[in-house]
Amino acid sequence: MFMEHALLIAERGRGKVSPNPLVGCVLVKDGVVIAEGWHDHLGGLHAEQMAIHDAEEKGHSPNGSTAYVTLEPCNHFGRTPPCTEALMWAGVSEVIIAHHDPNPTVRGDGCRALEDGGIPTRTGLMEAEAHEQMRAFMHWCTYRRPLVTVKMALDANGSVDDRAVEAQRFTSRGCLEKVHELRRDCDAVLVGVETVNRDDPQLNVRLVPAERQPLRVVIDPNQRINSSAQLVVDEGETLLMQGEFTGLSSLLHQLADREVQRILVEGGPTTVHRFLEAGLVDEVFLVHSEVIHQEPIDAGLSAKTLTDAGLTLSQEYVWGEERVEHYLRSPTSA
Ligand code: AOF
Ligand code: ZN
């Protein structure tokens with residue numbers, strides 16, 4: 001119950017903390033929550049430190065309380081001083097942790113420092129839920145590449161575009177808003193040059209409130225991008241990946257070095273298939289519209305293509321007027 005509370009308040013930092021994870025913390029005394037804290041934005045207080053401040057502000061002493069925190073407290077001087085020290089200084093008597101911190105600069109040390117300081121710790125309460133909430137951060141720490149999310153919209157026959165008409169959206173406004181929410185949750189959005197030259201997309205977050213915009217990445221090996229494309233001339237940041245590629249995996253490592261933890265591939269079939277064939281896709285949102293294209297361009301995406309790429313159907317949603325299939329990397333091919 002207390003860890004559930006900590007996971008819930010961690011959500012308040014969504015879209016503002018990357019490349020840090022979402023973290024929540026509650027202080028409990030005599031079975032009652034006396035204070036709460038969460039990592040609110042990059043450079044802001046860590047969850048534990050905010051909770052300690054909150055206790056003081058409310059006139060409660062954190063001394064003798066139990067801290068429930070969704071991530072192992074840090075033990076390093078980063079953008080803030082170590083949380084381990086703050087917890088010890090506050091006199092917390094026990095620390096219950098959902099998930100260890102896989103960050104190489106803090107790994108293992110947080111718990112050890114607390115134990116050495118005489119504060120017992122217990123790790124693993126609601127671990128799976130915490131992992132899910134910090135999925136992109138965990139993936140980036142472990143593999144040093146971003147989590148790759150693909151989104152593709154198809155007509156009733158599996159076509160991505162209609163050559164018979166000017167480039168235009170064929171999904172509902174409600175669906176577009178969900179796509180913008182997805183973009184907001186990603187650090188970068190990637191397309192191929194063909195998509196830029198045909199659709200002239202902005203690839204930013206406009207339909208829902210956003211604290212920051214994703215980095216836009218265009219794969220353009222032969223430098224064919226239209227120089228007046230919106231994402232070239234507008235104010236947002238765009239990374240043009242020009243020249244020969246030695247492999248998509250090296251592209252992802254380059255992006256990971258720029259602290260991109262989750263990337264949304266919104267490209268056309270060529271780009272999406274490149275990622276699928278390289279086995280680099282972690283999840284797919286397949287948006288099914290009831291529209292029928294007159295001169296279709298087949299996406300070439302079948303349940304088999306996705307299974308072959310190591311993905312399994314996990315859930316179905318409704319986004320606006322469209323049905324959406326959510327595929328996730330099968331546990332065996334992680
Ligand atoms: C915590 N509590 O609320 C968070 C933690 O450079 P900094 O100070 O922003 O530290 C970033 C690292 O600290 C981050 O990569 C992760 O390992 C950990 N995040 N730790 O004790 C928190 N957000
Ligand atoms: Zn910390």
Side-chain angles (χ1 to χ4, degrees), residues 2-27 33 35-55 62 65-90 92 94-117 119-127 129-147 185 187 211-212 255-262:
F2 296 129
M3 194 59 89
E4 212 175 325
H5 185 158
L7 285 164
L8 201 70
I9 57 177
E11 280 298 320
R12 296 178 186 168
R14 190 172 284 282
K16 295 184 284 177
V17 296
S18 180
N20 281 353
L22 293 170
V23 183
C25 175
V26 294
L27 300 180
V33 173
E36 51 177 38
W38 62 94
H39 189 41
D40 183 71
H41 58 275
L42 192 63
L45 289 181
H46 281 189
E48 301 87 323
Q49 307 193 23
M50 183 169 173
I52 292 167
H53 278 280
D54 187 45
S65 65
T66 299
Y68 286 79
V69 53
T70 60
L71 184 70
E72 177 184 4
C74 70
N75 188 36
H76 73 300
F77 283 88
R79 295 178 179 97
T80 67
C83 288
T84 47
E85 284 184 14
L87 291 165
M88 286 191 262
W89 169 82
V92 165
E94 190 184 6
V95 181
I96 315 284
I97 298 156
H99 204 294
H100 73 274
D101 189 347
N103 187 341
T105 59
V106 299
R107 195 179 294 173
D109 279 358
C111 284
R112 202 177 326 135
L114 289 167
E115 299 273 352
D116 288 351
I119 301 181
T121 66
R122 183 156 63 89
T123 305
L125 182 62
M126 298 191 79
E127 190 173 33
E129 289 82 354
H131 189 276
E132 172 62 24
Q133 187 174 55
M134 295 182 245
R135 181 164 79 108
F137 170 78
M138 297 289 166
H139 192 274
W140 179 72
C141 285
T142 311
Y143 303 108
R144 280 290 145 185
R145 67 171 182 82
L147 191 84
D185 205 34
D187 305 301
E211 298 275 335
R212 54 157 206 163
L255 292 169
D257 287 345
R258 295 179 63 122
E259 300 187 316
V260 172
Q261 294 183 346
R262 188 182 183 195

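The shown structure was predicted, so the numbers you read here are calculated from the model rather than taken from an experiment. In listed order, ligands and their atoms are each counted from 1.
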Inset, instruction - Have a look at ligand 1 and work out which part of Phe137, if any, has a heavy atom under 4.0 Å from it: side chain, backbone, both or neither. - result: side chain
Inset, instruction - Just let me know how Ala47 lines up against ligand 1, side chain, backbone, both or neither, with a heavy-atom cut-off below 4.0 Å. - result: both
Which of the numbered atoms in ligand 1 are under 4.0 angstrom from any heavy atom belonging to [X]?
X      : result
Pro73  : 21 (O)
Asp101 : 16 (C), 17 (O), 18 (C)
His76  : 10 (O), 12 (C), 13 (O)
Val23  : 3 (O), 4 (C), 22 (C), 23 (N)
Cys74  : 1 (C), 20 (N), 21 (O)

Between atom [atom1] of [X] and atom [atom2] of [Y], what is the distance when rounded to the nearest 0.5 Å?
X     : Y      : atom1 : atom2 : result
Ile97 : Leu114 : CD1   : CG    : 6.5 Å
Leu42 : Arg212 : CG    : CZ    : 9.0 Å
Glu94 : Thr121 : CD    : OG1   : 8.5 Å

Legend entry - Exercise: do Glu36 and His5 side chains pair donor with acceptor under 3.5 Å: yes
Inset, instruction - For the Zn ion (ligand 2), find the closest N/O/S atom on His46 and give its atom name. - result: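 In His46, the heteroatom (N, O or S) nearest the Zn ion (ligand 2) is ND1.
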Legend entry - Within 6.0 angstrom of Glu4 CD, more than 12 heavy atoms from elsewhere: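 At most 12 heavy atoms, drawn from other residues, nucleotides or ligands, come within 6.0 Å of this atom.
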Closest approach of any protein heavy atom to [atom], naming residue and atom:
atom                    : answer
atom 2 (N) of ligand 1  : Glu48 OE1, 2.9 Å
atom 20 (N) of ligand 1 : His46 ND1, 3.5 Å
atom 15 (O) of ligand 1 : Asn103 ND2, 2.7 Å
atom 11 (C) of ligand 1 : Asn20 OD1, 3.1 Å
atom 8 (O) of ligand 1  : Arg79 N, 2.8 Å

Legend entry - Residue pair Leu255 / Pro146: nearest heavy atoms and the distance that separates them: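 The pair with the smallest heavy-atom distance is CB-CG, 4.3 Å.
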Inset, instruction - Return the minimal non-hydrogen interatomic distance between Ala130 and Leu7, and the atom names on each side. - result: CA-CD2, 3.8 Å
Legend entry - Stepwise salt bridge (Lys or Arg N to Asp or Glu O under 4.0 Å) test for Arg14 and Asp185: CA-CA 7 Å; Arg14 190 172 284 282; Asp185 205 34; 2.9 Å; yes
Inset, instruction - Hey, can you tell me if His76 and His46 have their rings parallel, tilted or perpendicular (30° and 60° cut-offs)? - result: tilted
Inset, instruction - Could you say whether the N/O atoms of Cys83 and ligand 1 ever approach to under 3.5 Å? - result: no
Inset, instruction - State if Met50 counts as touching ligand 1 under the rule of any non-hydrogen atom under 4.0 Å. - result: no
Inset, instruction - Please say which of Thr70, Val17, Leu22 ends up in a side chain to side chain contact (heavy atoms under 4.5 Å, CB included) with His39. - result: Val17
